[in-house]
Amino acid sequence: VLRPTPVAELLDAVQATWADRLAADGKELVVVSTLSPGQAVRTDPRVAAQVVGNLIDNARKYSREAADPRVWVWAKPGPRGRVLIEVED
């Protein structure tokens with residue numbers, strides 16, 4: 001169900017779900033937002049968290065041998081008033 005969702009709420013859910021899983025693999029989840037406080041998006045928060053979680057899981061799996069153990073989640077302003085959420089390993 002689409003609804004206005006604070007991006008901070010979505011990022012908190014991702015952090016709560018993935019930080020310990022990554023730590024168990026010797027990784028660190030780093031979540032950074034350059035959005036204004038209270039920024040919201042119209043989305044299904046469950047689906048959005050699942051999509052971001054899939055990207056984090058891929059980063060976890062395919063960066064096992066990486067020298068840098070961090071997996072980054074970035075939330076930042078995008079074009080035309082959109083919000084970008086990126087996962088980087």
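Note that the coordinates shown come from a computational prediction; the quantities given were computed from them, not determined experimentally.
Heavy atoms only, all atoms of each residue included: V71 and I56 are closest at CG1-CG2, 4.4 Å. Across A59 and V87, no two heavy atoms sit closer than the pair CB-CG1, 4.2 Å. Closest non-hydrogen pair, A49 versus L10, comes out as N-CD1, 3.6 Å. Considering every non-hydrogen atom in both T34 and P77, the closest pair reads OG1-CD, 3.5 Å.
For R46, the CZ atom counts as loosely surrounded, since its 6.0 Å shell holds 12 or fewer non-hydrogen atoms of other residues, nucleotides or ligands.
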Determine all donor-acceptor pairs shorter than 3.5 Å in which one atom belongs to a side chain in residues 18-28; sequence neighbours excluded.
unit_1 : atom_1 : unit_2 : atom_2 : d
R21    : NE     : T17    : O      : 3.3
D25    : OD2    : R60    : NH1    : 2.7
K27    : NZ     : S63    : O      : 2.4
K27    : NZ     : S63    : OG     : 3.0

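Hydrophobic cluster membership is shared by L35 and V41, with clusters built from Ile, Leu, Val, Met, Phe, Trp and Tyr side chains linked at under 4.5 angstrom. Tracing side-chain contacts under 4.5 Å through hydrophobic residues (I, L, V, M, F, W, Y), one never reaches V7 starting from W74; they form parts of separate clusters.
Residues V32 and W72 meet the side-chain proximity criterion, which asks for heavy atoms closer than 4.5 Å.
Exactly one of V73, L11, V83 qualifies for a side-chain contact (heavy atoms from CB on, under 4.5 Å) with S33. That residue is L11.
No donor-acceptor distance shorter than 3.5 angstrom exists from the side chain of D44 to the backbone of L2, with no hydrogens or angles considered.
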Side chain to side chain contact (heavy atoms under 4.5 Å, CB included) between V14 and I85, worked out
CA-CA 12 Å; V14 166; I85 297 179; over 6 Å; no

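Not counting sequence neighbours, the partners of E9 by the side chain to side chain donor-acceptor pair (under 3.5 Å) test are R3.
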